[in-house]
Each structure stands twice: as C-alpha cells, then as structure tokens.
Chemist: 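After the structure tokens below, expect a handful of questions from me.
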Amino acid sequence: MAKPAVNKITPFDATMNKTLSFSWNGNQSYANRLIIYNADTMEVIYDRKISTFQHTHILPAGTLTNGKKWIAQFQTFDMNNAASELSDKLYFQTLKTPLFYFYELENGQILHSAFYDAQIYYLQDDYEDIQSFKFYLYDGTKTLLLESETMYDSTKIRYQYKGLDNHTIYYFRCHGMTVNGVEIDTGYIQVYTDYRQPGKYSIIYAENDPLHGYIKYHTNIVVIQYNGNKTFQFENGMIDLMGDNEGIYYDKGFVIDGDFTLKLRGMYLNQTATILELRNTKYSIIVNSYHYEDGTTRFKLDVPNGLGHYILYSDAMAFNSTDMVCVWIRKVNDIYKLEVIVDPDYIDTDNIWYGQQMPPNPDTYDVWVDAPNLFTYVVNKNDMNTYYSKDEPSNADTDDIWN
C-alpha cells in the first residue's frame with residue numbers, strides 16, 4: 001500500500017495552533033493519524049487519529065515546546081479503516097515568534113517631515129538571526145508604491161522613506177525571513193504627513209571636469225576653521241574648552257545676513273560665563289549663562305544695537321554638568337527669540353552595550369553583554385571598569401565587567 005509524504009514544515013510557534021499537511025496518491029482518505037516524536041529522545045509526544053477528507057491535521061497549541069526539534073509522521077485510513085504505511089520521518093523545529101516592529105513608530109502617527117528614518121526592533125528568544133528583509137511603502141488604499149532592495153545585514157534593520165507628499169496618508173511595512181524560514185512581518189503601519197513646506201532650498205551646483213572624468217558638486221554649505229594656533233580635541237563632534245579662558249574665535253568664512261536660526265550645543269554650561277559672542281563692525285549678539293546658588297542656570301541673550309539693548313532671559317533650569325544643553329536663537333524681522341532645552345536623547349561615546357536586542361550600530365571593538373534588559377543601552381567606556389581576577393571584586397559598579 002502507498003504511504004503519504006509529510007509536506008515541508010517551516011519553524012512555528014508552539015504556543016499557537018499549527019496546521020500540518022501531507023501528500024497522498026492512494027485511495028480516498030477518510031482519516032489521518034499524526035505522530036510527533038522528540039527528535040533527541042524519540043519519545044512519542046503526540047499520537048492522534050482524526051476523521052477528515054482533507055490532507056491536514058491541526059496540532060493544538062501547547063502540545064510542543066519552543067526551542068526544540070521534533071519528528072513528524074503521517075498515516076492515512078480509507079473508508080474501510082485500512083491503514084497505509086507510515087510516512088517517512090520529517091524533522092522540524094519550534095521557535096517562539098520573534099518581536100518585530102517599527103521602533104518608536106505608532107499606528108496613526110503624524111510625521112512632520114518629507115522623510116522618515118525607520119528602524120526595526122527585532123528580538124528572538126533563541127537568538128535566531130534574520131536572513132533577509134524588505135521595506136515597503138503603500139498609499140492610503142494600501143496600493144504598493146515602492147519597495148526597497150532585499151537587505152541582509154541584520155545589525156542594521158533600517159531604511160529611510162523619502163519624498164513623502166505633505167498631508168497624505170501612507171502605510172509603512174517591513175517583511176522578512178529568519179535563517180530558519182520563519183516569516184516576520186510588521187504589518188501595515190499607517191502614518192500621516194503634516195510638515196511645513198520650506199520657502200527656498202539650498203542650491204547645489206554641478207561642475208563637469210572632462211579631463212578627469214567626474215562631476216564636482218558644491219553648495220552653499222561651508223566648513224569653516226577657527227583662527228589661531230591652538231590645538232583642540234574634537235570628541236563626539238564637540239571642541240573641549242574646559243580650562244581654556246580665551247576660547248576660540250572665527251572671523252573668516254561666513255556672514256549672518258538677515259533672518260536666521262542658530263543652534264548652540266554644549267556641555268558643562270551650568271556656570272556663569274559668556275558662552276557665545278557674534279559681532280560685526282556695528283552690532284553684536286551675546287549669550288551669557290548665570291549659575292545661581294540654588295543650582296539653577298539661566299541664559300541671557302543681549303543684542304546691543306547702538307540705541308539700547310534687546311535683552312531676553314530663559315527660564316531658570318536645573319540640569320547636570322554632563323547634560324547636553326541646546327540654546328536656540330532666532331531672528332525674524334528684527335524680533336528675537338531665545339529657547340533653551342536639555343537634549344534627553346544625547347548619548348556620549350559608548351563602548352559596551354547591555355540588553356537582549358542586538359546593538360544597532362556597534363563599533364568594531366564594542367562589547368555586547370546579554371543582560372535582562374528588553375532595550376539595549378550603551379555605557380561610556382570611561383564610566384566602566386574591567387576586573388581580571390578569580391575573586392569577585394568588592395566595589396564593582398553595575399555596568400563593570402568581571403573576567
């Protein structure tokens with residue numbers, strides 16, 4: 001008598017029902033029997049016969065355990081209850097459904113820009129890696145507008161959506177496959193664009209160089225250098241002026257003309273000092289900080305104009321020395337505005353990551369510690385100690401390493 005053949009079983013989550021199927025070329029099947037073995041011990045875990053004409057069998061949720069391998073066999077029965085031979089054994093495995101979703105993007109979220117840097121959060125309890133993935137963009141009717149190329153770098157599951165029209169509904173989606181063949185999908189995430197259209201754009205100039213066979217591009221963005229002979233260390237895009245009483249100055253390469261918005265970023269600004277001065281032959285703009293006995297700091301914008309002083313004060317703020325403080329100055333039609341905020345998302349130089357999720361952009365020599373934190377966070381190398389000893393260190397901090 002012929003025997004059935006178990007169809008391919010991709011890894012699935014054992015906490016959910018799973019329909020298994022088989023192929024059969026014999027007499028009409030009136031019933032089928034499914035047998036599941038533990039692949040390591042060959043112990044029978046499931047053995048049941050059901051009456052059905054279909055070549056399928058529903059394995060109830062919770063029958064198996066995730067993170068293990070199994071063996072499946074089928075047997076069919078005709079109208080006279082005559083049994084076929086058992087099928088050949090087929091190996092498969094069960095894995096917990098991974099977490100796979102857009103990080104910090106909610107369904108129905110409003111985007112205030114024509115582009116969006118999407119990042120996917122992925123976590124699988126057994127550290128099953130992703131084989132490939134794609135990003136998709138749909139219109140408001142879920143008609144596909146574009147799709148990314150197939151990507152394979154599971155450490156950078158990210159993509160930039162560009163050219164989004166204003167006041168428009170879109171759907172974002174990411175679909176992928178794990179190395180063991182598990183499909184992962186974020187589903188359709190609805191977003192709505194609402195952003196201010198810029199009045200004018202920076203001009204980009206193209207200049208052909210036929211002698212060398214390339215095109216040179218330049219724009220109105222200029223990198224300027226400070227004057228003087230001092231040597232400064234640039235760390236994380238900042239110049240370290242700690243202990244320097246003179247500071248640095250720039251007097252060539254740029255002119256502020258008309259309305260403008262200026263952003264000044266810095267650390268250790270909870271002190272009394274002049275932190276910025278802009279001047280020409282006629283006017284000047286000065287920003288001072290004032291640190292008070294109660295631990296708060298205020299910022300003052302002073303704009304002498306020859307007739308008087310245009311003065312603005314920020315609210316008194318309490319922040320740590322190492323907090324990244326952003327001072328915004330805006331001038332529109334000779335009206336100034338001063339705004340000061342503490343950047344809550346600033347992260348200093350990092351060399352070690354703690355958490356369950358694979359780090360999104362580690363450096364070559366960074367360390368990833370599988371700690372019981374859902375979201376992986378970083379620790380500055382200067383804030384961490386490494387102990388090499390057989391004995392446990394007595395004064396180690398939380399993020400230190402003991403080898």
Side-chain angles (χ1 to χ4, degrees), residues 1-101 120 122-134 136 138 142 144 147 150 152 154 173-188 356:
M1 189 176 183
K3 62 181 179 181
V6 185
N7 293 331
K8 180 180 178 181
I9 305 174
T10 58
F12 62 91
D13 193 331
T15 62
M16 297 182 288
N17 290 343
K18 176 64 177 180
T19 300
L20 305 183
S21 64
F22 61 92
S23 300
W24 170 246
N25 293 321
N27 296 329
Q28 173 68 51
S29 173
Y30 281 75
N32 67 65
R33 175 191 178 199
L34 173 63
I35 308 173
I36 304 291
Y37 307 85
N38 184 310
D40 296 325
T41 64
M42 294 306 297
E43 175 188 1
V44 176
I45 304 299
Y46 179 87
D47 187 348
R48 185 182 177 189
K49 177 183 175 182
I50 62 171
S51 297
T52 178
F53 295 112
Q54 298 180 354
H55 297 171
T56 59
H57 192 115
I58 298 177
L59 184 67
T63 303
L64 307 180
T65 305
N66 283 324
K68 294 186 178 182
K69 294 184 178 180
W70 315 92
I71 298 173
Q73 272 189 311
F74 268 109
Q75 189 176 34
T76 65
F77 298 85
D78 63 17
M79 61 182 301
N80 298 316
N81 203 32
S84 71
E85 295 183 38
L86 285 170
S87 69
D88 293 333
K89 295 182 173 68
L90 181 71
Y91 285 78
F92 67 96
Q93 60 181 326
T94 51
L95 298 169
K96 185 176 180 180
T97 301
L99 294 175
F100 188 75
Y101 57 84
I120 296 296
Y122 173 77
L123 176 65
Q124 207 284 330
D125 284 357
D126 300 304
Y127 299 103
E128 181 188 13
D129 206 355
I130 297 178
Q131 182 185 63
S132 61
F133 56 94
K134 270 187 177 184
Y136 301 86
Y138 302 83
K142 295 185 179 179
L144 181 64
E147 63 183 72
T150 302
Y152 303 95
S154 61
R173 181 183 172 214
C174 185
H175 178 273
M177 187 79 68
T178 69
V179 293
N180 291 310
V182 177
E183 289 192 35
I184 45 181
D185 198 330
T186 62
Y188 296 88
Q356 297 177 15

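Please read all numbers here as calculations on a predicted model, not as lab measurements. One-based numbering along the sequence shown.
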Chemist: Atom OH of Y101 and atom CG of L123: how far apart are they, to the nearest 0.5 Å?
Modeler: 8.5 Å
Chemist: Within the 4.5 Å heavy-atom criterion, are L59 and F12 side-chain neighbours or not?
Modeler: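 Sidechains of F12 and L59: in contact.
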Chemist: Walk me through it: do T15 and D13 pass the test side-chain hydrogen bond (donor to acceptor under 3.5 Å, both in side chains)?
Modeler: CA-CA 5 Å; T15 62; D13 193 331; 2.7 Å; yes
Chemist: To the nearest 0.5 Å, what is the distance between CG (L34) and CD1 (I50)?
Modeler: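 If I round to the nearest 0.5 Å, the distance is 8.5 Å.
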Chemist: Walk me through whether N7 and S23 qualify under side-chain hydrogen bond (donor to acceptor under 3.5 Å, both in side chains).
Modeler: CA-CA 7 Å; N7 293 331; S23 300; 2.8 Å; yes
Chemist: Show your working on side-chain contact (heavy atoms from CB on, under 4.5 Å) between M42 and I71 and close with a plain yes or no.
Modeler: CA-CA 8 Å; M42 294 306 297; I71 298 173; 3.6 Å; yes
Chemist: Check step by step if side-chain contact (heavy atoms from CB on, under 4.5 Å) holds for D47 and Q75.
Modeler: CA-CA 11 Å; D47 187 348; Q75 189 176 34; over 6 Å; no
Chemist: For P11 and G181, which heavy atoms make the closest approach, and how far apart are they?
Modeler: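 For P11 versus G181, the nearest heavy atoms are CD-C, 4.5 Å.
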Chemist: Please give me the minimum heavy-atom distance between A14 and N66, naming the atom from each residue.
Modeler: N-OD1, 2.8 Å
Chemist: So if I apply the side-chain hydrogen bond (donor to acceptor under 3.5 Å, both in side chains) rule between K3 and each of N25, T76, D88, which one comes out positive?
Modeler: D88
Chemist: With a 4.0 Å cut-off on N to O distance, would you call K69 and D40 a salt bridge?
Modeler: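 No.
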Chemist: Hey, are the side chains of I35 and Y46 touching, using non-hydrogen atoms and a 4.5 Å cut-off?
Modeler: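 Sidechains of Y46 and I35: no contact.
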Chemist: Considering all heavy atoms of both residues, which atom of S21 and which atom of F74 are nearest to each other, and what is their separation?
Modeler: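 Nearest heavy atoms, S21 then F74: O-CE1, 3.7 Å.
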Chemist: Would you give the length of the straight line joining atom NZ of K68 to atom CD1 of I45, rounded to the nearest 0.5 angstrom?
Modeler: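 Spacing of NZ (K68) from CD1 (I45) equals 8.0 Å.
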Chemist: For the residue pair Y30 and F77, establish whether any side-chain heavy-atom pair is separated by less than 4.5 Å.
Modeler: no
Chemist: So do the side chains of V6 and Q73 get within less than 4.5 Å of each other, counting heavy atoms only?
Modeler: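 Not touching, per the 4.5 Å side-chain cut-off.
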Chemist: Answer yes or no: is there a side-chain heavy-atom contact under 4.5 Å between T65 and T94?
Modeler: no
Chemist: Please round to the nearest 0.5 Å and tell me the distance separating atom SG of C174 and atom OH of Y122.
Modeler: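 Spacing of SG (C174) from OH (Y122) equals 12.0 Å.
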Chemist: Provide the closest heavy-atom pair for W24 versus S84 in the form atom of the first, atom of the second, distance.
Modeler: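 Nearest heavy atoms, W24 then S84: CH2-CB, 3.7 Å.
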Chemist: Heavy atoms only: give me the nearest W70-A39 pair and the separation to one decimal.
Modeler: N-CB, 3.8 Å
Chemist: Looking at OH of Y152 and CD1 of I130, how far apart are the two atoms once the value is rounded to the nearest 0.5 Å?
Modeler: 13.5 Å
Chemist: Once rounded to the nearest 0.5 Å, what's the spacing between atom CZ of R173 and atom OG1 of T186?
Modeler: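 OG1 of T186 is found 7.0 Å from CZ of R173.
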Chemist: Given L64 and F92, is the side-chain contact (heavy atoms from CB on, under 4.5 Å) satisfied, shown in steps?
Modeler: CA-CA 12 Å; L64 307 180; F92 67 96; 3.9 Å; yes
Chemist: What are the two closest heavy atoms between F100 and I120, and how far apart are they?
Modeler: CE1-CG2, 3.4 Å
Chemist: Are there more than 12 heavy atoms of other residues, nucleotides or ligands under 6.0 Å from atom CD of Q54?
Modeler: no
Chemist: Do I36 and L20 have side-chain heavy atoms sitting under 4.5 Å apart?
Modeler: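 When only atoms from C-beta onward are counted, L20 and I36 do touch, with a gap below 4.5 Å.
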Chemist: Just jot down the ring-ring contact (aromatic ring centres under 6.0 Å, His included) partners of Y37, sequence neighbours excluded, or say none.
Modeler: none
Chemist: For L144, is the CG atom crowded, meaning more than 12 foreign heavy atoms sit under 6.0 Å from it?
Modeler: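 For L144, atom CG is crowded (more than 12 foreign heavy atoms under 6.0 Å).
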